[in-house]
Each structure stands twice: as structure tokens, then as C-alpha cells.
> 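Okay, handing you the structure first.
Numbered from 1 within each chain, the chains take letters A, B, ... in sequence-line order. Predicted model only: the values in this text are computed from it and were never measured.
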4 protein chains.
Amino acid sequence: MSEPSKTPPTSKDVRPGPGRKRSEASRLAILSATRELIGELGYERLSIGGIASRAGVGKDTIYRWWPSKGMVVADAVLEEAQPFYLAPPARGGSVDQDVRAWVHALARDFVDPVRAGRIRAVTSAASEDPATAERLYERFTQVQRTGLIDRLRLAAEAGEVRPDADFGAVVDAILGSLMYWVTARRADLSIASVDSLLDVLLRGLRVAPESEPADGRKA
Amino acid sequence: MSEPSKTPPTSKDVRPGPGRKRSEASRLAILSATRELIGELGYERLSIGGIASRAGVGKDTIYRWWPSKGMVVADAVLEEAQPFYLAPPARGGSVDQDVRAWVHALARDFVDPVRAGRIRAVTSAASEDPATAERLYERFTQVQRTGLIDRLRLAAEAGEVRPDADFGAVVDAILGSLMYWVTARRADLSIASVDSLLDVLLRGLRVAPESEPADGRKA
Amino acid sequence: MSEPSKTPPTSKDVRPGPGRKRSEASRLAILSATRELIGELGYERLSIGGIASRAGVGKDTIYRWWPSKGMVVADAVLEEAQPFYLAPPARGGSVDQDVRAWVHALARDFVDPVRAGRIRAVTSAASEDPATAERLYERFTQVQRTGLIDRLRLAAEAGEVRPDADFGAVVDAILGSLMYWVTARRADLSIASVDSLLDVLLRGLRVAPESEPADGRKA
Amino acid sequence: MSEPSKTPPTSKDVRPGPGRKRSEASRLAILSATRELIGELGYERLSIGGIASRAGVGKDTIYRWWPSKGMVVADAVLEEAQPFYLAPPARGGSVDQDVRAWVHALARDFVDPVRAGRIRAVTSAASEDPATAERLYERFTQVQRTGLIDRLRLAAEAGEVRPDADFGAVVDAILGSLMYWVTARRADLSIASVDSLLDVLLRGLRVAPESEPADGRKA
DNA sequence: TTGTAACCGAGACGGTACGTCTGGTCTTCTA
DNA sequence: TAGAAGACCAGACGTACCGTCTCGGTTACAA
């Protein structure tokens, strides 16, 4: 979530040779300053020089450890990301309950203005730099995507949902909607909208009943 | 789609007073050069000066008529947008057929590399400038959204789909997925994925049958 | 003093042919606006567009009649130049009296802040455009120079001053000093300094007293 | 003569603190390019961007160390100014000999087309920016002025010239004439004219012969 | 204990693009 | 046909950042 991308200190290539160690204080100051400035200026008006100055750090210390503004922003946002929605959905209730609970928690973050601003920043970063997009996808979206897909697969095994559906497409529709509301359709995201979408999707996933008995929820 | 944003010459405020008229040739050269450069450089590396120079036009002529790079890009892309998907879906067949045909046509555009590049550019433009986002939403997304929603409402009146569903959320999921694939999940959009999502959504919208016999499509 | 240089309407070439006559009101408004703006902005920050706008005139009307900013400024300043010091020195008194009176009158103008500002403007105009320099020399400096030289020549004929002196160099020293004080040495011009210089020059011009002992050089 | 004006590194305030040192190579390249371009284009058509490009330097490097185009020009010209005429006149001969020799040397510079062009440039710079005028006066004119005045004072003490004359006004007439010839009356400067002026001035300064008859004014 | 190598802050460097302003030209409408 | 209006192409202005490169100084392992 916060290791530098240029020299990822994976356990192997650690060269403990002489020389001063990387300053953790600087790293934290940079990421923290970045989060502050995203809130104040937005991604586009954010500048490396501005981050350095706010963090009380030399520009080179940023360039030494991150390859681009986008990557700094990615790390800054990822570092403070709620661990909750990076964990997979619970498996304790019905698929409807578990998915709905997880998506609600995520949506609540998208509704918070500060976090929504960070989401937008991270989206801008991804859209102007493929490497940043890659990193964010790996560290953020893919984790959520896999977790949700796995929960749906489990439901399929349990006979709760149709096993032949394209769970990837379904999950993309959920996550894509959230992103879309926060970026293209700003200000419009509501928990109610999320629920409405889940209503349709979950109904569409339900196994075709020979004789559809009492409905689950909103019917 | 191409009127200047600073002084939209709506039929009323035409002041035929003295002074040279706006050059249509320059306007077209600017928008055309912008489209070319989006393809060559992408949105971020696009510059007003570069557009002016490619178009053989003074920078002031751009600044006179557009308030920002984003707006130029918006107009440039909108001007060449296919009229097809700005028209509403057909109403001749089943809701399934009509919606699927319309979404396929749209998706085909998102798959085309040149047009996908423009979509990405326009998305970047929107994400760095609220005014541009507003304009694009009004002229592009909202038109599509309204068209699709209306088609679903018609289907509801015809008893084809559940009348109590949140059509807005459903349509956002469709359009959001396309955007999401083209921006965050690049290179992954396929007609098959689109179809899979439509399968689930349309099934979820279908009226709950007391006794649902033979299935519609992919069952 | 104020005729345009492009088409000097000397009595002969007046072509009363068809078409609207040149607007005297515009001409005066331009020159007047120019004088105002010189006072407010100085020559360098003065612009043709600014003059046109202040005068309520199209830029083309200026370009039609004057070839450069410098020429407009030259005409604007010349138009209001005091006729006094464009007349030759009086010939009624001693050379000392007549020259001193004339130079005092001129110096009084150089001391006035508004007029000094115009002198500086006209000097800037001359130094960036040879044609303007030429025009100003002909219309302004040369008239003064010739008048003063003639007065000294008259004095030489009357035996008041040495006939073999280089009157041109002497006059250039007087006029050059004034210019120098107003441009390079700003704010320092005083009537006393002018008088001091005249003391030395006039003494130097005085005919050699009968018994001039050992001389330095050219005696 | 060449220290930056924004942070004049007077011997005391040297702060050897962190940060890259100013590049002497860039400073010299800038001043040298400026001199070249003055010769090719003249002061008015000279541009900061042009200097930067010719010097192979970023514009910021110029703006960092000089506050205006005029100051760059002032430093560029001052750096190459002949040390000769910034030294005071000799004191070895008669005042006539010493002053004439010094003025001849100066005038020879004003006659040289390259140096005359620089003088004109520096004059333009001074006339459009008071700070530049101030700097040039301090570093150039005042040095010459003081040197000449001191030589005349020495002559007064030696009884060679009248002690009650206004030496400042006399020196201004000499230097002002040179400037005037080079700027307003271009192309006219000749050593002969200079000598003619010196004839008159030095004669006017000479001590009054014993039997001074009726005088005009200040005697 | 002392090299010495990497890190740190500061900030100057060569550049690119910005958005504004001006210059001079051209076009359109009015008088 | 002149004049007012104002759009046009061109390009300089001074600013802000970019990403790189010294600087002097500070750790902290290794000899």
C-alpha cells in the first residue's frame, strides 16, 4: 500500500549496505500532505512541488521514491483506505444480505465528501497514467471485485443464484455504477439508488423457479 | 453541439451589429485539430497552443470562444459523435431486442480504439473541470439516459417489465459499466460482457410470473 | 504639426473625390487620448488599442493615418507644443539677454512634470523608431537649433561673440543638457543649472580681450 | 557590474547554505547573448525569450536573477564597458590636455557602431524603467561625472580654471552632448564637434584676465 | 573510529505550457 | 468610401511546474 514502486524492497533485494536509511517520517509527511492538498485543490491543481513544500521535504525525495504524481496520489489514498471494504463480504447470511451489507459500507464511503474527493482524484490519476491505473486496479478494484465475485460463486454453489451468470459483469455494474455516480454524475449517489440496482441485479441472478413462490424482498 | 460556450448564439440574442463575423473555418479547424491531437497525444499532453498551431489559428481565437481546454475537447468530440446513439432506442420490437440493439451499437463505438480514446479524453476533461462535466452530461449522457429510461417505461406500460423498478439505476449500471470498462478497466470491454450484464438486468426487470414457463433467452 | 504622415494633405494633393471625408473629430480625439495616456501610463505601456478605445475610435482609423505608435505620440505632443519656443529667440537685447530668456522659457517647460513626461515619451518614441526620430528632429529640435544658431551668428556679426566658434556644438550642448537632465538624470533640472551652463558657454564665446596672454590650444 | 540586482552578493551577506549554486556559465551566456541580440535586433525587438533561447537557458533563469529586460541589458553592456573611461581623467598635464584626452577616448567609443548601438540600447532601457536608469546612472554616468568634476576641481585649486563655475553643469553638457548626438541626432558625432565644444567650455572656464571690463551678468 | 555511501533539505537548472496582451490586418455594418 | 466594431493570426509577456542536477549536511553500516 505504501512501498515505493521504483525500488520495491521485496525481501530478496534488500541490500543492507552502508548509507542512510529511508526516512519513514518523510514518507508519511508526503502522503499526508498529498491527502490534504487533494482536498484543497483537487488532483489537477496538485503539484509535486506543492506536496514537497507542504511536507517540508525536497522534491527529489518524492521523485526518488515515486515515478509520477499519480503514483503518489495512489499511495496516499490507498494508505488511508478503509480496510473494511478491502476485506471480502461476509458469508454468514443470505447472498442478498451479505452483498447488500458490503455494498452499503462501500457506498457510505463514496458518499462522504472527503473520501469522494479522493476517489475522484484517484480516478483522474488513473485516467492520465496507465501505470497508476494498473496499480490502483491491483490494489483496490481487483480486491473488491474478487471478493464480491467469490461471494456470488459461493451463492451459486449453494443454489442461491444462477450458476451460469457472468458474475464479473454483474460486479462491474455495481462498482462501475458507484464510480460513475461519483465521477460523471457527481452528487447523485444515494443508498437508495444502490439498493434499487441491487434489487434488479439480485432478482436477475436468482435461480429461475418453476413456480416462483413468495418473493424475497421488494416484490 | 458546436456552439461556443461563452456566447451561445441562441436564436434570440443575435446582435447583427458591426464587426467581423466569427470564422466558421477557424471553428472547424480547431475542433478537427483537437480530435487529431487527442488521438496522437491523449488529453493530458494536449495543449491549447498545440491545437492553435495545428489548426493554423491564433491562441486568442480559441480563448475567445472556449473557456478551457476541456470545453474545446468536449465540443470537438460531441461534434463528431455518432447521431445514432444520441437517438433513443427503437420501439419496434421487444424491450429485450430494442435495448440490446441500442446498447450493442453504443458498445461498438466504445470498442473502436479511436472513439474509445475520445471517450477517455472526454472523461478526463470532465473529471478536471465541473463545467465541462456539466456540458457533457447535458449533451451526451443525459440524452442516452433519458432515451433508455423512456424505452423501459414504455415496456413497463406494456407489461413487459416490472413497473416499480428504478430504471435510472438500471440505466446507470449499463452506461456506468461501459465507462468503467473503457476508463478504469481499459481494454476489457467485449460485446459478450455487455450481453451478460443485459441478461441479468433484463431478467431482473421481468415481471414476476406466477408460473414462468420456458425462458426467454440464455436460460 | 498634426498632419498624418501617410497622406500628408498638402494643399495640392487634396483629392476631393467621392467618399466620406476624414473626421477631424476622430483625429483630435486620438491625439488627445494619446496625451492623456502618456501621462497615465508612460510611453512603453501605451498601446494603439488603448488609444483607440480611449478615443472611441477603431484601431484601423489610427493605422490608416499613422504608421506607428511613435508617430502618433510625436503628433500628439507636437500639437500641443508651446509655440513660444518654436519661435526664434528675440533679437532686441544683448546676446546674453536674448539667449538666456529663450532658454529659460524652454527650461520652464522641461521642469513642468506633465510636459517633462511628454518629452520623455517623445524621446522613447524617437529612440525606438528612426522615422519618428527624423520627424521630431525636423519639427522640433531643428527649429530650435536653427533659431539659436542664427541668434549666435547675428551676435558674431555684431562682434558680441567670437565668429570662429562652432555654434552648432554650443547649441547641442544646451539642448543636449536639457534632454539629458530630463531623461538620464531625471528630476535634476533646475533653472540655476541652466544658468550656470550658460554662464560658462557665453563666457567661452565672448571675444578674446585685447591682451590675451599664453593660451592653451586653439586661440 | 555584473552581479544580479535581486540578490547582490555583497561580500557580507554570502549565505553558503544548501542548494545548488548559481551557474556562472549561464550568467555569462545570458549577458553575451544579450549583447549579440542588441547588435542584431536593437533594444525594442529584443525579448527575454529570445535571449534565453540564444543563451541555451530557461527563461526562469533570467527572471530569477534580473527583474526586467532593461536590467539584463544594463548588466550586459556594463560588463563589457571599457574600463578606461570608467577611470578618472589623468592628472599629469594641463586641465585642457587631460580633459580633452579623456573625452576623446570616450567619444571614440561613441563613434564605434557596435558600442554606439549598445549606448542606444542602454538609453532605451533607462527611459522605460526608472530602476534601470538608476542602476546605469550609478554604475556608469556618475562614475564618469565624478571623475571629470574632480579633475576640474583640481584645476580650480591649481588656479587653472575659475573656482566659482558650476562644474556639474559643464560636465553634464559634455556627457549630454555625447548622448544627444548618439540618440537624438544619430550619426552626427564627430571628434571635431567634441573638440569645438571643449574649446568653448574650457575658454569659458578659464580664469578671468586681470582687467575684465563690463560684464553681462554673473561676473 | 573512521570512511564512505546513500539519504535528506534546499534550490538552481533547461524546458514546456499557461492565459493575457498587443500588433497589425481583414471583414462587416452604418453613415 | 470613411469610420466603429471587433474577429483574425501571430507572437511576446511573466508565471508556474516539470523532472534533473548540484549543493552542504546527516545518518549509519563497514573496515
Side-chain angles (χ1 to χ4, degrees), chain A residues 7 15-23 25-26 45-53 55-65 67-69, chain B residues 15-23 25-27 29 45-50 52-53 55-65 67-69, chain C residues 17-23 25-27 29 45-53 55-65 67-69, chain D residues 15-23 25-27 29 44-50 52-53 55-65 67-69:
Chain A
T7 51
R15 178 213 23 72
R20 186 173 176 175
K21 288 295 181 295
R22 176 175 186 184
S23 160
S26 291
R45 286 185 297 164
L46 187 67
S47 72
I48 298 274
I51 295 170
S53 148
V57 138
K59 277 200 299 176
D60 248 22
T61 303
I62 299 180
Y63 283 112
R64 202 185 336 264
W65 299 108
S68 67
K69 184 173 80 164
Chain B
R15 176 207 36 68
R20 186 173 176 172
K21 289 296 181 297
R22 177 173 186 185
S23 160
S26 291
R27 207 195 107 249
R45 286 185 296 164
L46 187 67
S47 73
I48 299 274
S53 147
V57 140
K59 276 201 297 177
D60 246 24
T61 302
I62 298 181
Y63 283 112
R64 196 181 345 262
W65 299 108
S68 67
K69 183 173 81 165
Chain C
R20 188 171 168 177
K21 289 298 180 298
R22 176 172 185 189
S23 160
S26 291
R27 208 195 108 249
R45 286 186 296 165
L46 187 67
S47 71
I48 299 273
I51 295 170
S53 146
V57 138
K59 278 202 296 178
D60 252 21
T61 303
I62 299 180
Y63 283 112
R64 203 187 332 267
W65 299 107
S68 67
K69 183 174 80 165
Chain D
R15 177 204 36 70
R20 187 173 177 172
K21 291 297 180 297
R22 178 174 185 185
S23 160
S26 292
R27 207 195 108 250
E44 317 300 332
R45 285 186 297 164
L46 188 66
S47 74
I48 299 273
S53 148
V57 140
K59 275 201 300 176
D60 245 24
T61 302
I62 299 181
Y63 284 113
R64 196 179 348 259
W65 298 108
S68 67
K69 183 173 80 165

> Quantified as the angle between the terminal helix axes (five pairs each), what is the overall bend of the helix from dG3(E)-dC29(F) to dA31(E)-dT1(F) to 10 degrees?
10°
> Quick one: Ile51(C) CD1 to dG24(E) P, roughly how many Å, whole number?
11 Å
> Under 4.0 Å between a side-chain N or O of Ser47(B) and OP1 or OP2 of dC18(E)?
yes
> Between Val57(A) and Val57(D), just flag the one whose closest nucleotide in DNA chain E comes earlier from the 5' side.
Val57(A)
> Which atoms form the tightest heavy-atom contact between Ala52(D) and Gly58(D), and what is the distance?
CB-C, 4.1 Å
> Which nucleotide, dT25(E), dC13(F), dA5(F), lies nearest any side-chain atom of Tyr63(D)?
dC13(F)
> Tell me if the side-chain of Arg20(D) makes a donor-acceptor pair with the base of dC21(F), cut-off 3.5 Å, by modelled atom types.
yes
> Using a heavy-atom cut-off of under 4.0 Å over every strand shown, decide if Gly50(B) touches base, sugar-phosphate, or nothing.
nothing
> Would you mind telling me which of dG3(F), dC13(E), dA7(F) lies closest to the side-chain atoms of Arg64(B)?
dA7(F)
> On the nucleotide dA12(E), are OP1 or OP2 found under 4.0 Å from the side-chain N or O atoms that Ser23(D) carries?
no
> Expressed as a whole number of angstroms, how long is the span from Lys69(C):NZ to dT22(E):P?
10 Å
> With a 4.0 Å cutoff (strictly under), does any side-chain N or O of Ser26(C) reach OP1 or OP2 of dG3(F)?
no
> Starting the side chain at C-beta, find the nucleotide from dC29(E), dC29(F), dC8(E) nearest to Lys21(A).
dC29(F)
> Rounded to whole Å, please give me the gap between CD1 in Ile62(C) and P in dG23(E).
9 Å
> Want to settle it: does Leu46(D) or Gly58(B) sit nearer the 5' end of DNA chain F, counting the closest nucleotide to each?
Gly58(B)
> Give me the atom names and distance for the closest heavy-atom approach of Ile48(B) to Ile62(B).
O-CD1, 3.9 Å
> Return the minimal non-hydrogen interatomic distance between Ala55(C) and Ala29(C), and the atom names on each side.
CB-O, 3.5 Å
> Determine the minimum heavy-atom distance between Lys69(A) and Leu46(A), stating which atoms define it.
NZ-O, 3.0 Å
> With nearest nucleotide decided by heavy atoms, which residue, Arg45(A) or Ala55(C), maps closer to the 5′ end of DNA chain F?
Ala55(C)
> Judged by each residue's nearest nucleotide on DNA chain E, which is more toward the 5′ side, Asp60(D) or Ile48(C)?
Asp60(D)
> dC23(F) P sits how many Å from Arg22(D) CZ, rounded?
15 Å
> Tell me, do Trp65(D) and Arg27(D) make a side-chain contact under 4.5 Å, heavy atoms counted?
no
> Can a side chain N or O of Thr61(B) be found less than 4.0 Å away from OP1 or OP2 on dA7(F)?
no
> Can a side chain N or O of Trp65(B) be found less than 4.0 Å away from OP1 or OP2 on dG6(F)?
no
> Considering only dG14(F), dC9(F), dT25(E), which nucleotide approaches the side chain of Lys59(C) most closely?
dT25(E)
